[in-house]
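Letters go in sequence order (proteins before strands), and every chain restarts at 1.
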Protein chains: 2
Amino acid sequence: MKRTLTGKAEKRLNSFYLLICTLPLLWLSGCKPQARDRSLPPALRPELLQKFESIKDLGLRQEKAYEFLKQITSIGGRLTGSPEADRAVELTASLMAEQGFDRVWTEPVKVQRWVRGQAEEAMVRSSKLGTQALSICALGNSLGTPVNGVEAGVVEVRSFEELSALKDIVPGRIVFYNVPMDRTVVEPFAAYGRAAQFRVRGASEAARYGARAVLIRSMTFRVDQNPHTGLMEYDDRAPRIPAAAVSTAGAELLHHWLQTDPELKVWLRTNCRQEEPVTSANVIGQLTGSEFPDEIILIGGHLDSWDLGPGAHDDAAGCAVAIEVLRLIKETGLKPKRTIRAVMFMDEEFGGTGGRAYAASDHRKQEKHLVAIEQDRGGAAPVGLAFSLESLADRLKPLLAYLGPLGINWIRTGGGGVDIAPLREKGTILGGLIPESQRYFDYHHSALDVPEAVHPRELELQAVILAMVIYFLAEQGV
Amino acid sequence: MKRTLTGKAEKRLNSFYLLICTLPLLWLSGCKPQARDRSLPPALRPELLQKFESIKDLGLRQEKAYEFLKQITSIGGRLTGSPEADRAVELTASLMAEQGFDRVWTEPVKVQRWVRGQAEEAMVRSSKLGTQALSICALGNSLGTPVNGVEAGVVEVRSFEELSALKDIVPGRIVFYNVPMDRTVVEPFAAYGRAAQFRVRGASEAARYGARAVLIRSMTFRVDQNPHTGLMEYDDRAPRIPAAAVSTAGAELLHHWLQTDPELKVWLRTNCRQEEPVTSANVIGQLTGSEFPDEIILIGGHLDSWDLGPGAHDDAAGCAVAIEVLRLIKETGLKPKRTIRAVMFMDEEFGGTGGRAYAASDHRKQEKHLVAIEQDRGGAAPVGLAFSLESLADRLKPLLAYLGPLGINWIRTGGGGVDIAPLREKGTILGGLIPESQRYFDYHHSALDVPEAVHPRELELQAVILAMVIYFLAEQGV
């Protein structure tokens, strides 16, 4: 039709389509949208908006992202190097092949194999208050206690400064880092970032002063009996001592008992160990670009998870969304000019070896990754987008006129992810969709991170929006 | 300090405070905020930002809104005119008195008393497929079936047009409105609005053609066994027939059985009835303005709920937030110039008699309501604000520089609520905070609307933000 119309008539027709396409959105939003008076840029021509509508309708009608998530979580926890992680490699490769993507393959990654062993146990014993079980879990990377466990007095601290001040009483004791996530910090990831340093560095800092083990308060705003695991690291200049997380309810109990009986003892036994490294894999699927097949827009998540639960938000959600983005683009009949690639990275949790292997692979030599997106902030409702290049963020802003009613109200500079970070030095723009996150740390790294904690429509909205943005990028380039 | 400084020095000092106050926010947001280059207007002077910080810290540390919500929901369902609604009146009056608000009182409201009676029952009976129970509930306002129930063949329709086309086979049958909420509509309230007409008007439309009863597919995106109730209305020009909602899983089953056996029968028994009207009450508490006590900023929710669950999102959340807004302002030591009033309206669900009684009361004659806010869209994370007066919405926009990191990314024209609507003709500006709503209809009007479905921090963020906005309005006027 385009060819048979003069410029003016085409413009009128475009305005008409635009009205038709935009009206329902104005109505849907319930209120007048922010951008109502801003004329849409040429990039948002009616043909594109119709494609966006098709993606939205297909996605919201089928909610397939949640189906993918349920299949991945049905494996259970997918600890790096574990048989469950291997099964997740097979499963997601099959899933992507079933969707008929143009290519599906795996690339090997050498990963460490940390094993939790038998369930951990801990008790607090007080001559004044009695005996009480504490709910704990070993931290990833930690060595285990001796087979009979460790029993010792406890030094409670709320900072490294306090630890240093109390260093004279640390030798032979268990250091208990009781540092809650700061509730007055609105953004949970920021509160987490501040608290997580004790989990990561706490063992070596305490071992330097002669501690026998460390207990870390779990990183969650909620007070419950679920310990939250996560990575810890040893500093080679300090002795290696066992490190475990205690549930927030256990931390509260221990804190209160210590007020009455500073001489109480904690006994804990953990059974974790390092085994020999194994070969695992990143799983990759793509829709090959029709004009620029070597120019790539990447969308990824990480396939490994912690082992206390099936890692639904962290990060089956990101993997499911990546697969669904490609499926939505394919099923809508779109043929992007540039390649759109889904990558399920292996081993984010133990340090991102999968991301580094991906970036360093010889396969990358022929390829140019224009944009890489990693979804690893949970599967909740979308609130914004972030891209590491300000000019790209600005260029995408006209999309807000369409994306606003879908929940995306800002596009900022920022964004990134452990697994895509190594691509940055190759000139790749990093980015991602930012979801609502107030509930995220309720589940994070714990037994509570189950599919029931993810909402099918919220997850699908992530995929729908990312499919639109990624298709747009694959058509327009950067 | 203000008096001892020259204008210029004061300005420098203000800029310094501004930097101190704003920096953590920039950091918290994780990305550069949208408004980073926009200089803050005089309204956002550092003293105000410090008050906002105090409100935020107090709210997020204590999460009292959720405590109020739990107390209200512990009563159970609070059907208009029921003893439970009476208890809710007493409870919230006590709660507000305990907070030390300047005045707490009730105002009478005459309300209808609809009684559900014994639990409803329904069966589908097919000579080909067997017998299966259907999960149903009577709709509010409906009359009950005869004591032995109604058994009849079924006419399934998806629109009033289809009903009209099938009118010849309607006499003597049960009309089954199987109209799902449209999943492709992003905004759940919009999808609900379209589907709810069958619940509200369906009985009379079907009765006109001789139907004996109607079954309405529950209004939720989820497919489960929970029927969702809600208000229905009779048209005086049509016979009155019983109306019930069937769970979405029940609706799917009935639909599939009808494909195989169009002659199947449904039997249903409902035991609801209207009793004599009773006197109930709106519950009101306030912080009296120090300069303009008769100028009022109102924040309300509705105290009644449906009876299948304890009405946590709908609308214990709104009541809890209203109480918490006043508590936060009081506990932070703020003394607003204008009166800030919390109103728990009675009888929103059966048509808003409480809201009308409030607006019509003689007490209102001395008062000028500048702004009225009703929170009745659930207790989830805040996403925006809406006010019925565009100039006010525009005037509040500078607050976005502060509210953005708290989740509020837009302020639009719009807003309102059943109970505050009668104030509009008196010149009151209506408004509200818009929460994320993808999960709302999973719970709405069903047994699933329990406190566990509300997140303490998300609810508190509503109260924190509204406390800031309402305090700002009470200081500045409109």
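- Closest of all the heavy-atom pairs between A/A453 and B/R439 is O-NH2, 3.6 Å.
- Neither the backbone nor the side chain of B/E460 comes within contact range of chain A, judged by heavy atoms closer than 4.5 Å.
- The side-chain heavy atoms of A/R183 and B/Q62, taken from C-beta on, include no pair separated by under 4.5 Å.
- The two residues A/L60 and B/V186 have their closest heavy-atom pair at CD1-CG2, 3.9 Å.
- Taking 4.0 Å as the cut-off between side-chain N and carboxylate O, A/E187 and B/R457 do not count as a salt-bridged pair.
- Across all their heavy atoms, A/K56 and B/T184 have their closest contact at NZ-O, 2.7 Å.
- If you take CZ on B/R61 and CG on A/D182, they are separated by 8.5 Å, rounding to the nearest 0.5 Å.
- The side chain to side chain contact (heavy atoms under 4.5 Å, CB included) search around B/V179 returns B/F198, not counting sequence neighbours.
- Using a 4.5 Å heavy-atom cutoff, the side chains of B/V383 and A/N409 are not in contact.
- With a 4.5 angstrom heavy-atom cutoff, B/E436 touches chain A only via side-chain atoms.
- In this structure, B/H455 and A/D442 have side chains that are in contact, with non-hydrogen atoms separated by less than 4.5 Å.
- For chain A, no part of B/L58 is nearby; none of its heavy atoms comes within less than 4.5 Å.
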